[in-house]
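A short write-up of the structure that comes next.
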Amino acid sequence: MPELPEVEVTRLSFADRIAGAHILSVRMGKSLRWPLQCDPAALVGRQVITVRRRGKYLIVDLNVGHLLVHLGMSGSLSFGTELPPAGRHDHFDMQTSQGQLRLNDPRRFGAVVVVSGEEDPTFLKLLGKLGMEPLSDDFTVQRFQLGLKRRKAPIKQVLLAGDVVVGVGNIYASEALFRAGIRPTRSANTIGQQRVAILYHAIRSLLEQAVQAGGTTLRDFSNAQGATGHFQLQTQVYAREGQPCPVCGSRIRAIRQGQRSTFFCPVCQKS
DNA sequence: AAAAGCCCCTGGATGC
DNA sequence: TGCATCCAGGGGCTTT
């Protein structure tokens, strides 16, 4: 469910409200992808400083240590002072002096993990090999090109892998390649400089627009205040197999790449 | 080093 | 209505 825009929108929807809060209690329900790696009681009394994002991870900086939060495929956070009683899929609840932070995640691919710092082995394992942040100044056409040069796998899968650029998930990968006119099966290292530049700008503008739109809500995404996104109204190929291409009218096609579906226009994305 | 598969888990949609 | 099958926005891990 959540790609970079959804994670960023989630962050923006509660970061200011939780900053400065003191942790009063922590409850872990059914296990998520990994154990918390810390006694919940040990978090009591710590203070939330800020909330950052790296790729699709949220990093909740505490005065002592950090909370790494990942939404997986079906996770969503809520933050509020009057949340309903914990339900079946609420697997993490953190009561603070400024409200309650809750992770709801039916599929439990998500995670909440406590790390001591940025040298913590878990922090390094999860975040250490991530690629460039697409909306940061580090991400340049030149570096993007350099990253793609040494990959001969299909461009769609290189984008998804997250070791060149982070945050582009299954929806935005198809959308970006459509906007750039590149066939998803094209080997990353064979894309010409001009095309790489176009793809670079497509990725940036797409993600920026999606954040502006509050993210994409396909079935159940909502931010920490419960608001849904509306970028799905601007998607052009994702989940539109058989429908006419918005540019040329050809039928949108669907293929499988690495057990994920990919959508593209066979005419606009010739190669 | 890079690429390809497998798997974690639940729920909704579809088909018989 | 019941049951089987497939699919879903991610990504770490193991094997080639």
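Proteins get letters first, then strands, A, B, ... in listed order; numbering begins at 1 in each. All values derive from a computational prediction rather than experimental measurement. Side-chain atoms are counted along with the backbone in the values below, which use heavy atoms only and exclude waters and symmetry mates.
Relative orientation of the A:F14 and A:F79 rings is tilted, given thresholds of 30° and 60° on the angle between their planes. Between A:F123 and A:H66, the ring planes are tilted. Angles from 30° to 60° get that label.
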Show, in sequence, the C-alpha distance, side-chain angles and deciding distance for A:F144 and A:V196, and conclude whether the side chain to side chain contact (heavy atoms under 4.5 Å, CB included) test is met.
CA-CA 8 Å; A:F144 187 39; A:V196 169; 3.7 Å; yes

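Regarding contacts with the backbone of B:dC8, every side-chain N or O of A:R33 stays at 4.0 angstrom or more from both OP1 and OP2. Phosphate proximity of C:dA8 to A:S261: present, with a side-chain N or O under 4.0 Å from OP1 or OP2. Of the side-chain N and O atoms in A:R256, one or more sit less than 4.0 angstrom from OP1 or OP2 of C:dA8. Contact check, A:Y238 against C:dA8: no side-chain N or O comes under 4.0 Å of OP1 or OP2. Side-chain N/O atoms of A:H70 include none lying less than 4.0 angstrom from OP1 or OP2 on C:dG10.
The CZ atom of A:R260 sits 13 Å away from the C1' atom of B:dC8 (whole-angstrom rounding). Atoms CG (A:D163) and C1' (B:dA3) sit 11 Å apart, rounded to a whole Å. Between the P atom of C:dA8 and the CD atom of A:Q232 lies a distance of 18 Å, rounded to the nearest Å. Taking atom CG on A:N104 and atom P on B:dC9, their separation rounds to 18 Å, with Å as the unit. Atom CD of A:Q257 is separated from atom C1' of C:dC7 by 17 Å (rounded to the nearest Å). To the nearest angstrom, P of C:dG10 lies 10 Å from OH of A:Y172.
Nearest to the side chain of A:H89, among B:dC9, B:dA3, B:dT10, sits B:dT10. The nucleotide whose nearest atom lies closest to any side-chain atom of A:E3 is, among C:dG12, C:dG10, B:dA4, C:dG10. Listed nucleotides C:dA8, B:dG11, B:dA4 differ in distance to A:A153; the shortest reach to its side chain belongs to B:dA4. In this structure, of C:dA8, B:dA3, C:dG10, it is B:dA3 that holds the atom nearest to the side chain of A:K152.
Look at the P atom in both B:dC9 and C:dC3: the space between them is 23 Å, to the nearest Å.
Taking both residues in full, the closest heavy atoms of A:V211 and A:P5 are given as CG2-CA, 3.8 Å, listed atom of the first, atom of the second, then distance.
Checked by atom type, the side-chain pair A:S74/A:D105 shows a donor-acceptor distance below 3.5 Å. A:K152 and A:S187 share no donor-acceptor pair across their side chains, judged by distance under 3.5 Å alone. For the residue pair A:T235/A:R240, the side-chain donor-acceptor check at 3.5 Å is satisfied.
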Can you pull every protein N or O that's under 3.5 Å from an N or O on nucleotides 13-16 of chain C?
{"from": "C:dC13", "atom 1": "OP1", "to": "A:K125", "atom 2": "NZ", "distance (Å)": "3.4"}

Applying the Watson-Crick and G-U criteria (both distances under 3.5 angstrom) with [ ] for crossing and | for other-strand pairs, one obtains for DNA chain B .|||||||.|||||||

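One cannot find a donor-acceptor pair under 3.5 Å joining the base of B:dA2 and the side-chain atoms of A:R150. Side-chain to base pairing of A:R107 with B:dC9: one donor and one acceptor N or O lie within less than 3.5 Å of each other.
Using a 4.0 Å heavy-atom cutoff across all strands shown, A:L160 reaches no nucleic acid atom at all. If you check every strand for non-hydrogen atoms under 4.0 Å, A:Y57 touches sugar and phosphate atoms only.
Both A:Q259 and A:R151 lie close to DNA chain B; mapped to their nearest nucleotides by heavy-atom distance, the more 5′-ward contact belongs to A:R151.
In this structure, A:F109 forms no aromatic stack with the base of B:dC9, since the conditions of centre separation below 5.5 Å and plane angle below 30° are not both met.
Note on A:R151 versus A:D163: salt bridge recorded, some NZ/NE/NH1/NH2 to OD/OE distance being below 4.0 Å. Between A:R102 and A:D90 there is a salt bridge, since a side-chain N of the basic residue sits under 4.0 Å from a carboxylate O of the acidic one.
Pairs of residues two or more places apart, or lying in two chains, that qualify as side chain to side chain donor-acceptor pair (under 3.5 Å) and include a residue from residues 43-60 of chain A are A:E8-A:R53, A:R52-A:D61, A:R52-A:E118, A:R53-A:E133, A:R54-A:E133.
With ring centers used as reference points, A:F264 lies 6.0 Å or more from A:F178.
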